[in-house]
Amino acid sequence: MKNKAHYFKALIENKGRINEIDLGEKIGLDEEETRKIIVVLLSENKIKHEGNGVCNYSLMKTVRKSKTGIQPMG
């Protein structure tokens, strides 16, 4: 899903300044496609529903594995 990767990158760069639907429209997606991408990103635990400025979604903290166990990054 090429648009998913493009939207996710835009969401990262957005940092909550534009709401999620307007952000999708800004990169050429219609509202329905934007909502489908949001559902997929939620199911993949890449984003979570949480007020983040104007946008209702924020990035999940990434987790990395280490020799001593799993540690959150950030």
Side-chain angles (χ1 to χ4, degrees):
M1 186 179 234
K2 182 180 177 183
N3 288 334
K4 179 183 81 168
H6 188 59
Y7 182 82
F8 186 64
K9 181 179 178 186
L11 191 62
I12 292 169
E13 294 170 356
N14 178 46
K15 297 181 182 173
R17 293 185 296 255
I18 302 172
N19 80 44
E20 61 278 0
I21 303 302
D22 290 342
L23 179 62
E25 289 176 356
K26 182 178 177 182
I27 63 170
L29 306 174
D30 64 18
E31 183 176 349
E32 183 178 343
E33 187 170 7
T34 300
R35 291 191 186 279
K36 286 179 183 178
I37 291 170
I38 289 169
V39 168
V40 172
L41 291 172
L42 284 167
S43 71
E44 293 176 349
N45 292 318
K46 290 188 175 185
I47 62 172
K48 61 184 174 180
H49 186 265
E50 175 180 270
N52 181 19
V54 176
C55 187
N56 290 314
Y57 296 89
S58 63
L59 304 175
M60 296 289 287
K61 289 188 177 188
T62 57
V63 175
R64 65 183 165 126
K65 293 181 183 179
S66 71
K67 293 180 182 178
T68 59
I70 298 175
Q71 300 175 347
M73 293 179 63

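For the single chain, residues carry numbers from 1 onward in sequence order.
- Checking side-chain atoms of Arg35 against main-chain N and O of Glu32 turns up no donor-acceptor pair under 3.5 Å.
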query: So Tyr7 and Ile38, side-chain contact (heavy atoms from CB on, under 4.5 Å) or not? Walk me through it.
result: CA-CA 9 Å; Tyr7 182 82; Ile38 289 169; 3.8 Å; yes
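- The CD1 atom of Ile27 lies 7.0 Å from the OG1 atom of Thr34; values are rounded to the nearest 0.5 Å.
- Rounding to the nearest 0.5 angstrom, the gap separating the NZ atom in Lys26 from the CD1 atom in Ile21 is 15.0 Å.
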- request: Tell me, with the steps shown, if Leu41 and Lys4 meet side-chain contact (heavy atoms from CB on, under 4.5 Å).
  value: CA-CA 8 Å; Leu41 291 172; Lys4 179 183 81 168; 3.8 Å; yes
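- Both Ile47 and Ile18 are members of a single hydrophobic cluster when ILVMFWY side chains are connected at heavy-atom separations under 4.5 Å.
- Atoms CD and CD, from Glu20 and Glu25 in turn, are 11.0 Å apart once rounded to the nearest 0.5 Å.
- Taking CD1 of Ile12 as the start and NZ of Lys46 as the end, the distance is 8.5 Å to the nearest 0.5 Å.
- Proximity of Phe8 to Ile37: side-chain heavy atoms (C-beta onward) are nowhere separated by under 4.5 Å.
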